[in-house]
> 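Handing you a structure now.
Counting starts at 1 for both ligands and their atoms, in listed order.
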Amino acid sequence: MKVLVIGGGGREHAIVHTLKKSPKVDHIWCAPGNGGIAQEAECVDIKATDIDGVVAFAKAHQPDLVMVAPDDPLALGMVDALEEAGIRAFGPRKNAAIIEGSKSFAKELMKKYNIPTAAYAVFEDSAQAIDYIRAQGAPIVVKADGLALGKGVTVAMTEEEAIAAVKDAIDGHAFGGAGARVVIEEYLTGPEVSVLAFVDGKHLKTMPSAQDHKRAYDHDEGPNTGGMGAFSPSRYYTENVAQTCMETIFKPTVAAMAQEGRPFKGVLYFGLMLTPKGPRVIEYNARFGDPETQAVLSRLETDLYDIFNAVIDEKLDQIEIKWADNAACCVCMASGGYPKAYEKGKEITGLDYVTDSFVFHAGTAVKDGKFVTSGGRVLGVTATAKTLDEAIRKAYADVHKIHFDKAHFRTDIGVK
Ligand code: AMP
Ligand code: GLY
């Protein structure tokens, strides 16, 4: 079978690497892919957001399945366009991807179906938003409504900070159209856990829990990033918590989307906070998370191609999905300066000395036969072991063998 994977980061490398293990898959294309993905798949120079380009390629090459991994093409309707062209595609349609693409949609859905989340209000007018902030007091959370590359959220400890965030988003257009509307939320506390689930419109099968590290520096300091590392499973996500989440959050969300005429098919990502009052939804993503996927898929034992087909065919209830009884840790190595400005084109050395991890490439290219950096997040060094402590130790032992100018990584992935 032939598969086309859309995207070009560490998550897509993990998906390609896992699909490659399937005896049924004999060819993988990846658009656009990256330097590391090119070692395992045929990279095609088409942007992940180029719907016409992807559809034209799929019509010409007839893949048996197209897996759309990133949020942007899903929100733009790439799966709808592929289906209209008669091509099997994995991922939510546009009308379901909105669960990530619009925070106000997600909040209204949760309110309507009694799915536990932070109390909130939505504003398009900054004066009204500021009055609300003054009335509620700090700490309080301000979120740009649309997709803002994970950077549209301000957890404000003071009213002034919250007001500045509102002015930036609504009046300063800091996030373009994504910030013209803001969601203002009750501040919650507790450990954060990510739970990803395969969903076929009606049924869902959760993956093992994970935690990511969004801040750039150790001890959760510095600016928010796409994610500096992840591990699986979470220590906080016990059997009891999992059951509560299944009954109060996961099943109700899948049922709510179906009820709304927006059946969700693909991977649904639940960003949860385990508050003293119980689990609350912080965010939904309509896709695999990055870098959670690198950690979680490293633990998958079932053929991923079979799972994707079960989702598309709405037969997820008929497949058993097995996970290794182990732990995984993914440490991201980033370009110095990320998430702000950084340089590209730095030669990466030491990859040949890696012994105990798999290195997923996120922002790399091949130049004159050598790997060079080409993005903010560069590599995701990922190890599995019987225990999380051992997985962390193995991943870091390999991180220290890899070098590029101004490389930056956190030293505390998995520790919190
Ligand atoms: P999001 O982009 O929605 O995942 O938000 C980014 C981060 O902001 C989350 O991972 C949380 O750490 C934090 N956050 C979001 N919403 C809240 C909230 N209601 N209370 C406290 N922290 C929050
Ligand atoms: N790591 C969080 C995300 O993929 O959105």
> Does any N or O atom in D290 lie less than 3.5 angstrom from one in ligand 2, N or O only?
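The answer is yes, given that D290 and ligand 2 share an N or O pair closer than 3.5 Å.
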> Can you confirm, on distance only, whether ligand 1 has an N/O atom lying under 3.5 Å from any N/O atom belonging to Y187?
no
> At less than 4.0 angstrom from any non-hydrogen atom of K214, what atoms of ligand 1 do you find?
4 (O), 10 (O)
> With atoms numbered from 1 as shown, which atoms in ligand 1 lie under 4.0 angstrom from a non-hydrogen atom of E283?
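In order of number, 1 (P), 2 (O), 3 (O), 4 (O).
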> Parallel, tilted or perpendicular: which describes the rings of F198 and W323, with under 30° parallel and over 60° perpendicular?
parallel
> Say whether E260 and Y113, considering side chains only, have a donor N or O and an acceptor N or O under 3.5 Å apart.
yes
> For the residue pair P63 and A58, what are the closest heavy atoms and their distance?
CD-O, 3.3 Å
> Any idea which part of R287 is under 4.0 Å from ligand 2, heavy-atom wise: side chain, backbone, both or neither?
side chain
> Show the nearest heavy-atom pair for residues N95 and M257, with the distance to one decimal.
O-CE, 4.4 Å
> By number and element, which atoms of ligand 2 are closer than 4.0 Å to a non-hydrogen atom of N285?
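Selected atoms, number and element: 3 (C), 5 (O).
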> Below 4.0 Å from any atom of ligand 1, is there a heavy atom belonging to R280?
no
> Hey, does A230 sit under 4.0 Å from ligand 2 if you only count heavy atoms?
no
> So, regarding L188 and ligand 1 (criterion: nitrogen or oxygen to nitrogen or oxygen, under 3.5 Å), is there a contact or not?
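For ligand 1, there is an N or O atom that lies under 3.5 Å from one belonging to L188.
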> Check for me whether the distance between the ring centres of F358 and H17 falls short of 6.0 Å.
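Centroid separation for F358 and H17: below 6.0 Å.
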> Does a donor on one side chain and an acceptor on the other come within less than 3.5 Å for D72 and T49?
no
> In terms of residue, atom name and distance, what is the protein heavy atom nearest to atom 2 (C) of ligand 2?
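So the nearest neighbour among protein heavy atoms is D212 OD2, 3.4 Å.
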> Please state whether Y269 comes within less than 4.0 angstrom of ligand 2, counting heavy atoms only.
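Contact present.
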> Ligand 2 versus E292, non-hydrogen atoms closer than 4.0 Å: side chain, backbone, both, neither?
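Answer for E292: side chain.
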> Is the distance between the ring centroids of F250 and F270 less than 6.0 Å?
yes
> Atoms of ligand 1 less than 4.0 Å from K103 heavy atoms?
3 (O)
> Check step by step if ring-ring contact (aromatic ring centres under 6.0 Å, His included) holds for F371 and H361.
CA-CA 10 Å; F371 287 114; H361 289 229; 4.7 Å; yes
> So if I count the atoms of ligand 2 from 1 in the order they appear, which ones are less than 4.0 Å from some heavy atom of G289?
4 (O)
> Going by heavy atoms in the side chains, are R181 and K103 under 4.5 Å from each other?
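Contact flag for R181/K103 side chains = no.
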> Please check whether N224 reaches ligand 1 - meaning an N/O of the residue sits under 3.5 Å from an N/O of the ligand, judged on distance alone.
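No - when backbone and side-chain N and O of N224 are compared with those of ligand 1, no distance drops under 3.5 Å.
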> Between K143 and ligand 1, find which residue part has any heavy-atom pair under 4.0 Å and reply side chain, backbone, both or neither.
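Within the 4.0 Å criterion, K143 contacts ligand 1 through side-chain atoms alone.
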> Assess the residue pair T117 and K107 against the criterion (side chain to side chain donor-acceptor pair (under 3.5 Å)); give the C-alpha distance rounded to whole Å, side-chain angles, the decisive distance to 0.1 Å, and a yes or no.
CA-CA 8 Å; T117 187; K107 295 298 289 191; 3.0 Å; yes
